[in-house]
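Starting off with a structure, shown below.
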Number of protein chains: 4
Amino acid sequence: MTPDHPRDRIVNAAMDLFWRHGYGATSLSQIREAAGVQGGSLYHFFKSKEQLLEAVLDAYLEQMEAVLIQPIVERHDDPIERIFALLDGYRQLLAGAGTALGCPIGDLALESGAEPAAVGEKIAANFAAWRGWVRRWLEEAGARLPGDLDRDGLATLVLTVMEGGVMQARAHHSLVPFDASVAQLRDYINRLLAEAPPARRRTRMRRAQPRRG
Amino acid sequence: MTPDHPRDRIVNAAMDLFWRHGYGATSLSQIREAAGVQGGSLYHFFKSKEQLLEAVLDAYLEQMEAVLIQPIVERHDDPIERIFALLDGYRQLLAGAGTALGCPIGDLALESGAEPAAVGEKIAANFAAWRGWVRRWLEEAGARLPGDLDRDGLATLVLTVMEGGVMQARAHHSLVPFDASVAQLRDYINRLLAEAPPARRRTRMRRAQPRRG
Amino acid sequence: MTPDHPRDRIVNAAMDLFWRHGYGATSLSQIREAAGVQGGSLYHFFKSKEQLLEAVLDAYLEQMEAVLIQPIVERHDDPIERIFALLDGYRQLLAGAGTALGCPIGDLALESGAEPAAVGEKIAANFAAWRGWVRRWLEEAGARLPGDLDRDGLATLVLTVMEGGVMQARAHHSLVPFDASVAQLRDYINRLLAEAPPARRRTRMRRAQPRRG
Amino acid sequence: MTPDHPRDRIVNAAMDLFWRHGYGATSLSQIREAAGVQGGSLYHFFKSKEQLLEAVLDAYLEQMEAVLIQPIVERHDDPIERIFALLDGYRQLLAGAGTALGCPIGDLALESGAEPAAVGEKIAANFAAWRGWVRRWLEEAGARLPGDLDRDGLATLVLTVMEGGVMQARAHHSLVPFDASVAQLRDYINRLLAEAPPARRRTRMRRAQPRRG
DNA sequence: TATGAATGAGTCTTCATTCAT
DNA sequence: CATGAATGAAGACTCATTCAT
């Protein structure tokens, strides 16, 4: 509970180091040192390195809404813009880290190909939560998008752009591939919006109907 | 050169193991054993693990055209179909490996974020070559695609779909996210093709039947 | 005193685990868990692992008469038969444990060769008590055994058969060596009984029938 | 091959330390230090601590004949005396070590109750070899012993006396229980020898017959 | 070119024990 | 009495790399 509770310090240090160096390349000693705890204390909270990884993945999932989603929702009303704001938030993360780093979850997904079920499930849960928000926003866009659009599929593509974009950004040490991917996605979605019937009715219904009753 | 030259056996073993377990998680002993070479022989060909990684990346780049591109070019005339054939080839790779594995190059890209220049450049070169082929095919599609289309950007997106799709496939142990991403890409490109001024022969042939009804 | 007093639960758990895994291979955490006590509670009763061992040895000594000796005395009148009943009780212990385990005391004796005096003395006390009962029974056999027989020495041999037999039983995962050792001991004692001057009633009863024929 | 080959130095150091401190209580660092080898060199010869234990047990088995049996055979013609010479050799071993130590094999048997098959089998093999020599000598004693004597059972008892005697010797820090057990065994065997028909014929045949021919 | 022993830093993990609450 | 966090030394084992032959 306390902001500097050892357990939290450990998880935070692990989040940072796993992100920067990867799971396998981060030693528990490094985490211990970064967290400022000593000796075998780490094993009072996590009975193995893998359990610490699970805690890190839990933390990502818990923090997601507060840290990533909420600020976007507050700043943007248009659900479509929220999606691109999410991608842009990612871009800023990359820009800040000098493209040396990638997606924290994606990197862990890579390393845990053969990891036991628990870790794999938590990674999938993180991805699923992410995609869930995007899909929700796509659904909120209502009739502005074609009726037969596979909204879950498009949400998947958004996440794909994120992950594939960051991977190439890292490979080229440049944000250009990330930006290009997002630009193409924007073009695609613009075309979907353009094709949809003039969005008057649906939008009105959502905002005007209540007023009528 | 000889198919069982020790050097080649080492590189092949490393390609396989790096792909399956990752670079960091593969020990030189494992490679030695898989390659059937003994003792410090490995150091006669590669003076460090990292140099072996470079050789692996060189091998991927060398084999790319013969193994990946050529078969596709031979089987498909339509450049657009070649792009989806490339994605489908990838899909089969994943299906064969049980979605436990990812993109050999992409995984190395993620793992070697902080690796020295030589490795980074070779990874970038692999990605660039890949994207290069896709862009070439997009250019071959000529006027079937809108004139103001950012062909390099779209090629980047294709690679993004590949990498982002495979990452989610691994996280979910399912090909569904990969397929969904490709389907959305297909939809996007179809819209691009539809918008372009009616192309003559080629397009007709693909859409001739419906025209009859 | 209470059957579920924490201290007793700890000692009982330690008896069981020391017997099954040995003293060195049993961790205090395992004991804590098996006993259902938490945290450092263990140190309220025993200020070190070694003191717990002492308590275990005390418990064995205390329980010996009630658990091992009494039932035998009640079931067998003949002192010689009591000795073999003791050996047989041991055999049943081994049979139940699948010959994977040995003598609880003997094992601790072997493991604590260099242990401080307190432990050593308690182990010796256990052995001495054991041998004491056997010697008492041998003395009760009175004139049925040769007068110049070293009764204490024979009692030692009985214990030796027990310990040596169980050790071989464990090594071979078979009760055969134990049984063979006991059979030889029986043969030896039979010869001693045969040599002694014809005892009156007691011996007659046991051999009465054959004499008739 | 060389007397100071590292591998041999390691095995010798392990034999000594396992005997003095036990298997579990001996750390690989101690062995490394005692053997005078450095770093991970130990793992070039034995890929685990357990494999080193196996090598130790192999060494005991190999050295048995040369170190234990041969000197006895050379010094004693009478097979019965050879048996007691074996027991006496053991006694001297204990005397030299101040009764702080026990039977090297027996102690390892104790600790390896749950060890994998390989170790267990080698321990059993050592015991079997030991018992094998005693049984051979008992058979060589021919008609001096009763015809219906279970020679294998008696051999087992001899080993039992050894193991059980040393266990009590350690518990009491005294050779008295060992000596007492051996004395009783001697008494038993003397009685067996006395009972056998006057050993003239058989002995004559073995020693006299040739003279006749 | 090939071999296999040698190296030593570093990995995760467990342990008995202490101490503040 | 009881708790559970804290401690730090030590455990077995792995690794990339070097070197003498």
Side-chain angles (χ1 to χ4, degrees), chain A residues 2 5-7 9-10 23-33 35-53, chain B residues 5-7 10 23-33 35-53, chain C residues 5-7 10 23-33 35-53, chain D residues 2 5-7 9-10 23-33 35-53:
Chain A
T2 316
H5 186 70
R7 198 198 129 101
R9 291 210 314 271
I10 292 170
Y23 172 72
T26 299
S27 80
L28 291 181
S29 324
Q30 290 174 305
I31 294 172
R32 250 185 31 199
E33 198 175 353
V37 304
Q38 275 156 323
S41 292
L42 208 149
Y43 283 87
H44 271 274
F45 304 102
F46 312 98
K47 72 179 189 197
S48 69
K49 190 184 183 184
E50 189 201 310
Q51 276 211 353
L52 174 54
L53 171 57
Chain B
H5 186 69
R7 200 198 125 100
I10 292 169
Y23 172 72
T26 300
S27 78
L28 290 183
S29 327
Q30 289 174 304
I31 294 171
R32 254 184 28 200
E33 196 178 354
V37 305
Q38 277 152 327
S41 289
L42 206 149
Y43 282 88
H44 289 227
F45 303 104
F46 312 96
K47 75 176 191 197
S48 71
K49 191 184 182 185
E50 189 201 311
Q51 278 211 352
L52 173 55
L53 173 56
Chain C
H5 185 68
R7 199 199 126 99
I10 292 170
Y23 173 71
T26 299
S27 78
L28 290 182
S29 325
Q30 289 173 304
I31 294 171
R32 252 184 29 202
E33 197 176 355
V37 306
Q38 276 152 327
S41 289
L42 206 149
Y43 283 88
H44 288 230
F45 304 102
F46 313 98
K47 74 177 193 196
S48 71
K49 191 183 182 184
E50 189 200 310
Q51 279 210 352
L52 174 54
L53 171 57
Chain D
T2 317
H5 185 70
R7 199 198 127 101
R9 290 211 314 271
I10 292 169
Y23 172 73
T26 300
S27 81
L28 290 181
S29 324
Q30 290 173 305
I31 294 172
R32 249 185 34 201
E33 198 174 352
V37 305
Q38 273 155 324
S41 291
L42 207 151
Y43 283 89
H44 273 274
F45 304 102
F46 313 97
K47 72 181 189 197
S48 69
K49 191 184 182 185
E50 189 200 310
Q51 276 211 353
L52 173 54
L53 172 57

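Predicted model only: the values in this text are computed from it and were never measured. Throughout, a chain's letter reflects where its sequence line sits, starting with A, and its residues are numbered from 1.
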- Query: Please give, in whole Å, the distance from F:dT18 P to B:Lys47 NZ?
  - Reply: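 Taking atom P of F:dT18 as the reference, NZ of B:Lys47 is at 10 Å.
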- Spacing between B:Gln51 atom CD and F:dT18 atom P, to the nearest angstrom: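 These atoms are roughly 11 Å apart.
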- Message: What I'd like to find out is whether the side chain of C:Gln51 reaches to under 4.5 Å of the side chain of C:Phe45, using heavy atoms alone.
- Response: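 No. Closest side-chain heavy atoms not under 4.5 Å.
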- What's the shortest heavy-atom distance between D:Pro6 and D:Val37, and which atoms?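 Where D:Pro6 meets D:Val37 most closely, the heavy atoms are CB-CG1, 4.3 Å.
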- Query: Is the phosphate of F:dT14, meaning OP1 or OP2, less than 4.0 Å from a side-chain N or O of B:Ser29?
  - Reply: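 It does not, given that no N or O in the side chain of B:Ser29 lies less than 4.0 Å from OP1 or OP2 of F:dT14.
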- Task: Anything below 3.5 Å on both distances counts as a pair; with that, list the stems of at least three consecutive Watson-Crick or G-U pairs involving DNA chain F.
- Result: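 So far as stems of 3 or more pairs are concerned, DNA chain F shows E:2-21 with F:2-21.
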- Message: In whole Å, I'd like the distance from the NE2 atom of C:His44 to the P atom of E:dT17.
- Response: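 So the NE2-P distance, C:His44 to E:dT17, works out to 15 Å.
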- Task: Determine whether more than 12 heavy atoms belonging to other residues, nucleotides or ligands lie under 6.0 Å from atom CD of D:Glu33.
- Result: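 For D:Glu33, atom CD is not crowded (no more than 12 foreign heavy atoms under 6.0 Å).
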- More 5' along DNA chain E: A:Ser48 or C:Arg32, using each one's nearest nucleotide?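 Here A:Ser48 is the residue nearer the 5' end.
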- Item | Distance below 4.0 Å between C:Gln38 side-chain N/O and F:dT3 OP1 or OP2 |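 Yes, because at least one side-chain N or O of C:Gln38 sits under 4.0 Å from OP1 or OP2 of F:dT3.
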- Mind checking B:Phe45 for me? I need base, sugar-phosphate or nothing, with any heavy atom below 4.0 Å counting as a touch.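 Sugar-phosphate contact only.
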- Message: Need one value for C:Tyr43: base, sugar-phosphate or nothing, where a base atom within 4.0 Å counts as base even if backbone is also close, heavy atoms only.
- Response: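 Contact class for C:Tyr43: base.
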- Query: Between D:Lys49 (NZ) and E:dT14 (P), how many Å, whole number?
  - Reply: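 Rounded to whole Å, this separation is 16 Å.
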- Item | Contact under 4.0 Å: C:Ser41 side-chain N or O vs F:dT3 OP1/OP2 |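 Indeed, a polar side-chain atom of C:Ser41 lies that close.
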- Query: With nearest nucleotides of DNA chain E determined for C:Gln30 and D:Gly39 from heavy-atom distances, which residue corresponds to the more 5′ nucleotide?
  - Reply: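 First, find each residue's nearest nucleotide; the 5'-ward one identifies D:Gly39.
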- Does the side chain of A:Ser27 get closer than 4.0 angstrom to OP1 or OP2 of E:dG10 through an N or O atom?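 It does not, given that no N or O in the side chain of A:Ser27 lies less than 4.0 Å from OP1 or OP2 of E:dG10.
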